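Before any comments, here is the structure.
Every heavy atom of this structure was used, including side-chain atoms; hydrogens, water molecules and symmetry mates were not. Note that the coordinates shown come from a computational prediction; the quantities given were computed from them, not determined experimentally.
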Amino acid sequence: MSKQSRLHIPRPTARPGEEPDFSFLELSAAGAVDKPSVGARTRDIENLSSDMVRVLDDDHRAVGPWNPDLDPQKLQVALRWMLLNRVFDERMWQIQRQGRISFYMQALGEEAVSVGAAMALRHGDMCFPSYRNQALYMVRGVKLVDMMCQCLSNTRDMCKGRQLPVMYHSRAGNVFSISGNLATQYPHAVGWAMASAIKGEDHIAASWVGDGSTAEADFHHALTFAAVYQAPVILNVVNNQWAISTFQGTAGGERRAFAARGLGLGIPGIRVDGNDLLAVYAVTVWAADRARRGGGPTLIELVTYRGGAHSTSDDPSKYRPKDEWKAFPLGDPVERLKQHLIAEGHWTEAKHEKLVEELRALVLAAWKEAQTYGTMTEGPFIDPTTMFDDVYAEPPERLEGQRRRMLEIERNGGGH
Amino acid sequence: MSKQSRLHIPRPTARPGEEPDFSFLELSAAGAVDKPSVGARTRDIENLSSDMVRVLDDDHRAVGPWNPDLDPQKLQVALRWMLLNRVFDERMWQIQRQGRISFYMQALGEEAVSVGAAMALRHGDMCFPSYRNQALYMVRGVKLVDMMCQCLSNTRDMCKGRQLPVMYHSRAGNVFSISGNLATQYPHAVGWAMASAIKGEDHIAASWVGDGSTAEADFHHALTFAAVYQAPVILNVVNNQWAISTFQGTAGGERRAFAARGLGLGIPGIRVDGNDLLAVYAVTVWAADRARRGGGPTLIELVTYRGGAHSTSDDPSKYRPKDEWKAFPLGDPVERLKQHLIAEGHWTEAKHEKLVEELRALVLAAWKEAQTYGTMTEGPFIDPTTMFDDVYAEPPERLEGQRRRMLEIERNGGGH
Amino acid sequence: MAQMNMIEAIRSAMDVVMDRDPSVVVLGEDVGYFGGVFRCTDGLQRKYGEHRVIDAPIAEGGIIGAAIGMGVNGLRPVAEIQFADYIYPGFDQIVSELARLRYRSCGEFFSPVTIRTPCGGGIRGGQTHSQSPEGIFTHVSGIKTVMPSNPYDAKGLLIAAIESDDPVVFFEPKRIYNGPFDGDPEKPAVSWASHPKGEVPEGHFTVPIGVAETVREGSEITIITYGTLVHVAVAAAEAVGADAEIIDLRSLSPVDTATMTESVKKTGRCLIAHEATRFGGFGAELAAIIQKDCFYHLEAPIGRVAGWDTPYPHAFEWQYFPGKKRLAAGIRKVLEAAA
Amino acid sequence: MAQMNMIEAIRSAMDVVMDRDPSVVVLGEDVGYFGGVFRCTDGLQRKYGEHRVIDAPIAEGGIIGAAIGMGVNGLRPVAEIQFADYIYPGFDQIVSELARLRYRSCGEFFSPVTIRTPCGGGIRGGQTHSQSPEGIFTHVSGIKTVMPSNPYDAKGLLIAAIESDDPVVFFEPKRIYNGPFDGDPEKPAVSWASHPKGEVPEGHFTVPIGVAETVREGSEITIITYGTLVHVAVAAAEAVGADAEIIDLRSLSPVDTATMTESVKKTGRCLIAHEATRFGGFGAELAAIIQKDCFYHLEAPIGRVAGWDTPYPHAFEWQYFPGKKRLAAGIRKVLEAAA
Ligand SMILES: Cc1ncc(C[n+]2csc(CCOP(=O)(O)OP(=O)(O)O)c2C)c(N)n1
Ligand SMILES: Cc1ncc(C[n+]2csc(CCOP(=O)(O)OP(=O)(O)O)c2C)c(N)n1
Ligand SMILES: [Mg+2]
Ligand SMILES: [Mg+2]
C-alpha cells in the first residue's frame, strides 16, 4: 500500500519488557462519590458511570456514603471466602500443572468481584456467572470436593465427565451452568429476570461477563431486552484489563468506561473499584434494591486486574509486562480487606496466617477426598455410556442404538 | 399466575381509534443547538444526542449555526430528488396494488433522510442502505427504468430476477446491495471504512438502519468495531417511530434517544430533525468531515415518521391511529422544503405543480419503457437457467449438472 | 371438530396450551398487539395479556436467549422467528445453549423452548423469505426438528412440542398455511376446508413427535417427504400413475426410521423429496439411512428431488421449487431404473 | 522444501500471500501481537504491521461482518475464528451475506473472505473446543468448505482459498496441528517431520480446491474421509489388513465426486468416516451420492463411522472419537456384508 494507513490501532500502555503504566485509569478517591437513592433517574446519576465508587481508602478505612457498614464478623466471612477462592485456585492450578486435571482457570486478583456480589444478593436471586466467578458457587454452598470432582471428571462429577474443568452448575445454589461460549449467559439472566417479573416474584438475576466479552452480540441483546422490559437484573462487566492477549481497549474501552455501555438505552451504570469488597458489596445491594423495587436493570463495571494467566493454556509473559499487576493502582482485593480488618482492630497477621493454613488444609482434605472418587488416570471411572444421557429428556432411539454400539465396543475390550 | 406481573411493557401512546400523541417527542427549536467543531471531544458534545438539530423554523426560514447555506439551485435539486422519490414510490405502490410487481416498500415521509445524505456525501463515499433508502440509488445515478426493471424481475433486471423488488445495488453509484436481513449492512460499512483507512484513502462509508433494527447484533458489532478502530463511517439510525407493528419503544427508545447508543463506546451521537433536509444535510457534512479528518465514527439519529405502510404486505390501520402522521410534529419533509423555497422566493406553488407533473411523466415514461423489457406475466423473460450463475465465481460441477437438468425439464415443456 | 387452516390450527394450539398452563408465554417480533405478520398469534394478546404474549425487539438472538432464561425460570416459552430465513442470528443461542443446557448440567437446568418459524417458498418472497434451513438443525444434537404438512398435525405437533421438555424447532411451511398446494401455482388456490386434515379438534390433543405418517399406501415406490412437498408428492404420484407409498415424516429429528425402512423394504424403490437445497440437505441423511437399512431390498438407486443448490430466486421460484413435474420425473426415474 | 508442521504451513501460506499481495489482511481474536492461541499467525504482525494483522474484539459476527465490508472495498481478508465451536455467532453473516452477496448483486459485489478455524477434538477441550461443524456449512450454497489433513495440503489449500474470489470456510483439524494422529492417544506423539506431507515448499504453490487425493490405493473397499480421520483410516485399514483405497476429500464443497465414485465402482464397497456427529452430517451427503452413482457396483451397504450424536464429552473423548478400533470395526462390517 502506497499511502499511510489511517486506521486507529488500540495499543496497551505497556508490552513485555516495558514499564507498566496505568495512568489512563481514572480513579476517584474513596468516599468521594455520592450515593443516590435507588429511585434516582438514570440521567441524574450518569456520573456513576465514569466516577469510581470506592469505600476503602489508602489508610484502610471504610469511608463515604457507599460504606455498607458491615459488621466485623461479616467482613471476616468475606475475607474467608476470598481467601478460600484464592487457596482453592492455587491448589487447582498446581494440580493442573502436575497433569492431574486437563485445564483450569483462576480468579486471582478478582476475588472480591464474586464474593462481594454473592454476599449482597439473596439466595433466591439467580446468578449467571462467567468462568471466573467460581466463588459464587462456593458462597452458594457448593462443596469444594464437588468442585474438584467436576474438574476431575470423576464418578462424583456433577457434569458426569461431560464438561471441561470449571464449568460448574448448581441448581440448589441458584447458580447457572457455565458455558464455553462467551456472554451467552447474559440474555439468559435477562430472560430469567423477565420471568421473575412476569410471575410477580421479587427474585432478581445477576450475570457477569468480562471486558472482552462485551463485544459479543449477547451483551447487546441482554442490554436491549433488559432496558425494554425493565428487567430486574444486575449486569456485571468484570473489567480485568485483559481478554487473553488483548487489552480492554480492543473491546472498546479506550474512550469511555464499560459502565457507560447501557446509558444509551437508559440503563444506569456504576463503575466500582472491583478490588474493594465493601464497594462491590455496596453497589450490588444498591442495584439489587433498585431492581427489586421495579427500577429495572443496572450495569456494574468492576474495575480489577487479571492477576494470573488467562487459563492454564495461556502464557501472559508473551503479551504484557510481568509485573503489571503490582503496578495496578487498585491493588490486591484480599490484601486490602485484610488490612482494613487489621486497621479496624478485627484481624491480625497471625490470625490471617492461621486462616490461610486452615483453608489450605481444608482444600487439601477436599482434594484427597475428591481423588477417592476417581482421577483422570485412575478409577473409579464414570460409566462412559452415560455420555448418551441428557442429550434429550426423551432420547431418540438412534441414541440408544449408539449407546448399545458403544457398549459392544467396550465389551470387546474398548481402546482405540 | 397468582401474583401481579411486574414486567414493564412498552406501549405506544396511541393505538387505532385513539388520539395520536407525540408529547413524548422532545424537540429543540430550529437554530437552538450549537454547532461544535468537527474536532470536538465526544464528551463535550453529548447534548447533541438528546437535543435535536433543526434548521428550518416554523416560518420556513433556515436559521442557526447548522444552516448549511445551500444555494437555491441546490435546494431545488434536493426538492426534485425528494419529490422524485415520492412520485416513484406512489407509482410503484400502485403498480404493486395492480398485481404487476410482487412487493414494494416506500419511503413516504422519510425522503429527506436519503436525499440529504446523498447530497452531502462525495461520490467516492460508499453507501450501505436499508430498503427504505431508494433515493440514494436515484441521486447516485441509477436510472428509474433500471430500478423498475429490478422490481419487475425482467430481462433488464440488475438482479437477474433473483431478488425481491427494491433490493437494488449499484457498483457504479457506490451504493451497496440491499439485504433482506436487517442490519447486516452495518458491519459491512464499518469494514469498508476500515479498509479505506487501511489503504490510506479518504473515502468514508455510511450506513442506515431503522429504529427497530438497532436491536440486532450487527448494530452492536458495527458500533464496537467502528469505535475500536475509529473507522471513518457514518452510522445512521432512521427512527421513523415504527418497525412494522412495534413502536420505537419496543427497540429501547423509551428512555433515551437512539442517538445516544454509541456514547458508551465514545461515539458521538447527533439527533436530527429527519424531515428537515437542511439539517440532515448539515449533520451529514459535519460527520463526514469528522470522519475524513480521522475523527472516527458518528451516529446520527434521524427522527422522522413512516408515513405509509411498512410494505405492500402491511396494514398499519391494525396497530396505529390512521391519522398519526398528520399529528407528527416534524411534518412532511417535502412540504417543509417546498415552503422554505417559497418563503425564500425561490419557488412557487405553480412551479411545484409543474415539477410534480414533470416527474410523474418521467416516471410514467420509465414505467412504459421498463415494461418493454418484460413483466411478471408477459415476456420477454429472463432465461431461468441464469439462476445458476453467480452462486460462485468458480461454479462447482454439481451446479452445472443441475442447470442441465433444469434445461432438460424446460425443454420437455417446462411447467410444474 | 372444527375446520381450521394451518394458521388457525397453530393459533389454536397455543391458545389451548396457554389456557391450560399459565407458564406458557409467547414472544417474538410483531406477535403481540398485531398478532404476527402471518396472524398466527392473532387474538392471543387480547386473551392472555401483554405479559404472556410479548412483542419483542428485532433481535432473533435476543429472543431465543431471553426465552432460554425464561425457560430456566419455569416458564414454557414459545418464540416466533418471523421467517426461518431470519433464524441465523439466533443460531449460537440455539446450538450452543438451548441444545446443550440439559446435557452440560446433567439435567439440573433445561429450557423447554419451542421455536416456531415459517419456512419454504412459493409465496414470491425471494431468497430471504423462502428458505428451508431444517437440514442445519437436524444435525444439531439436543434439539428436535418438526415440520407439519397440514392443520391437524400442525396443532397436534405444536402442542406436543410446547409440552415437551426438549427444545423443538418447529418449521411451518408457509405456502400451505391457507390450503394444501400440489405444486401447480396456476391452479386456483384450494382451501383446507376440502381436506380431511383441515378437520381439527378444538381442544387439547397431541401428535407425537418422532412418528411419521403414511399418507398413501402403495407397493411400487416409497416417497419420503415432509412439509409442502407431501401434497406435491401425492399429486405427482397420481400424475405418473405410480402405486406409490407416501410417507410424511412430520418429525425430522427424531426421525421415524422404522416406518421409512419398512416401507422401502416392501416397495424396493425410494424417492426422497424436499424443498431445501439438495447438497448436504436432510434428504442426504434419509438416503444414507435407507441405503444402509434396506440395501438388500433396494432395486434402484434412491432418488432425491430437492431445491437446486442456489439461493431461492424471486422470479424463478417455480423453476426452483421442486414441483409436481420434477417429482414425477424423479418417480419415473426411480421406477424405470433396472433392478 | 522445508519441514513444517501444520501450524507452520498455515502460517507460511498467509506469509507468502501477504508478501505477494498487499490487499491480504488478517484479523481475529488474539491473532495480532500474540500470534494466535494456536500460534498460526505468530510473527505476521511483526512482519506486516498492525494495520494488516489486526487484533479484533471478541465478536465473531463482527469479525466476519467487518471482513465482508473490507472485502467489498478491495481487501482480501483472512479471518480467524478462534475455535470452530465459536463460529455460530457469525453464522448469519456467513450464510445471509458472505455466501449470498455475489449472487444477489449478480457479481457487482463480492467479498473474497477466507475464514480459518480450528476444529475437531482429541485435545481434551470438552464440548466447546472440539466440534466439527463442517456439515452445517456444506449445506450452504455460495461458500466453499475445505479441511486439509496435512501440512502440504494445508498450505496449498489455504493459499488457494485466500486467492479464490469465492468465500471459503477453512477448517483446521487441531489435533493434527503438530503431527499426524492415528487415533491412539496412548501412543507417543508423532511429528510431521517423519511424514512425507510434512515436506512443504517455502514459496507459493496451491492445491486446487475441489480435488480429492487418493492417499492409499486398494481394491477391496473405499474409505472416504477427511481431516484427522485420514490418518486413523490408514491405521485402521492396516490393522484390519484390508486392501483399502483411502480418499482424503480435502474439499468438502465442492466435493470431488468423480474420484469417490470411480473408486467405489472399482472396490464395490465403501466406508465413510468423519469426526462430526453422524446424524445429518456431511457423511450423509457422501453416502447419498455414492449409493446413487455406484448403485450397480455396490456389494454392501455403505458404512458410516462418525462421532456419536451427542456433544463432545470432556472425559470420554476417546470413547467419543471415532478411532482406529471403530473404523476397523466399520471396515470389517462393510467387508463382511454379503454381496
Ligand atoms: C464465543 C466465544 N469466542 C471466543 C472464545 C475464546 N475465549 C475464551 S476466554 C476469551 C477471552 C475473554 O476475555 P474477557 O471477556 O475479558 O474475560 P476474562 O477472561 O478476562 O475474565 C476468549 C476470546 C469463547 N470462549 N467464546
Ligand atoms: C433479521 C431479520 N429479522 C426480521 C426481519 C423482518 N422484518 C423486516 S422489516 C422489519 C421491521 C424493521 O423496522 P425498522 O428497523 O424500524 O425499519 P423500518 O421498516 O421502519 O424502516 C422486520 C421485523 C428481517 N427482515 N430480518
Ligand atoms: Mg477480561
Ligand atoms: Mg422503523
[atom1]-[atom2] distance between [X] and [Y], expressed to the nearest 0.5 angstrom:
| X | Y | atom1 | atom2 | answer |
| --- | --- | --- | --- | --- |
| Arg171(A) | Phe110(C) | CZ | CZ | 7.5 Å |
| Phe109(C) | Ser170(A) | CZ | OG | 6.5 Å |
| Arg398(A) | Ile289(C) | CZ | CD1 | 8.0 Å |

Q. Can any side-chain N or O of Lys199(A) pair as donor or acceptor with the backbone N or O of Asn73(C) at less than 3.5 Å?
A.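 Indeed, once roles are kept as given, a pair shorter than 3.5 Å links the two residues.
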
Q. Is the side chain of Arg104(C) donor-acceptor paired with the backbone N or O of Ile178(A) at a distance under 3.5 Å, no angle test?
A.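 Checking the backbone N and O of Ile178(A) against the side chain of Arg104(C), a donor-acceptor pair under 3.5 Å is found.
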
Q) Given the options Gly180(A), Ser196(A), Ala393(A), which has more heavy-atom pairs under 4.5 Å with chain C than any of the others? A)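 Most heavy-atom pairs within the cutoff with chain C belong to Ala393(A).
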
Q | Residue selection (most heavy-atom pairs with chain C, distance under 4.5 Å) from Met194(A), His188(A), Met158(A), Glu201(A) | A |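 Heavy-atom pair counts peak at His188(A).
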
Q) Excluding sequence neighbours, so at least two apart, what forms side-chain contact (heavy atoms from CB on, under 4.5 Å) with Gln402(A)? A)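 For Gln402(A) the side-chain contact (heavy atoms from CB on, under 4.5 Å) partners, ignoring immediate neighbours, are Phe388(A), Leu399(A), Arg278(D), Trp308(D), Asp309(D).
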
**Q.** Contacts of type side-chain contact (heavy atoms from CB on, under 4.5 Å), residue Ala217(A), not counting sequence neighbours
**A.**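 If we apply the side-chain contact (heavy atoms from CB on, under 4.5 Å) test to Ala217(A), skipping adjacent residues, the hits are His221(A), Ala217(B), His221(B).
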
Could you tell me which portion of [X] (side chain, backbone, both or neither) has an atom closer than 4.5 angstrom to a non-hydrogen atom of chain C?
| X | answer |
| --- | --- |
| Phe176(A) | both |
| Asp218(A) | side chain |
| Met387(A) | both |
| Val391(A) | both |
| Met167(A) | neither |

Exercise answer: donor-acceptor pairs, residues 140-147 of chain C side-chain atoms, under 3.5 Å, sequence neighbours excluded:
from: Lys144(C); atom 1: NZ; to: Glu394(A); atom 2: OE1; distance (Å): 2.4
from: Lys144(C); atom 1: NZ; to: Asp166(C); atom 2: OD2; distance (Å): 3.2

Is [Y] close to [X] at the side-chain level, that is, under 4.5 Å between some pair of heavy atoms?
| X | Y | answer |
| --- | --- | --- |
| Ile198(A) | Ile54(C) | yes |
| Arg102(C) | Tyr392(A) | no |
| Gln185(A) | Glu97(C) | no |
| Ser177(A) | Arg100(C) | no |

Q. Which of the residues Asp92(C), Val255(C), Asp165(C) is involved in the greatest number of heavy-atom pairs with chain A at under 4.5 angstrom?
A.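 Top option by heavy-atom pairs under 4.5 Å: Asp92(C).
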
Q: Answer yes or no: are there more than 12 heavy-atom neighbours, outside Lys143(A) itself, under 6.0 Å from its atom NZ?
A: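 Check fails, neighbour count at 12 or below.
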
Q. Considering all heavy atoms of both residues, which atom of Cys106(C) and which atom of Cys159(A) are nearest to each other, and what is their separation?
A.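 Closest approach of Cys106(C) to Cys159(A): SG-C, 3.3 Å.
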
Q: Could you please state which residues from residues 55-68 of chain C sit under 4.5 angstrom from chain A, measuring non-hydrogen atom to non-hydrogen atom, sorted by number, or 'none'?
A: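 Within residues 55-68 of chain C, the residues that come under 4.5 Å of chain A (heavy atoms only) are Asp55(C), Ala56(C), Pro57(C), Ala59(C), Gly61(C), Gly62(C), Ile63(C), Gly65(C), Ala66(C), Ile68(C).
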
Q) Where on Glu108(C) is there a heavy atom nearer than 4.5 Å to chain A: the side chain, the backbone, both, or neither? A)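 For Glu108(C), backbone and side chain are both near chain A.
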
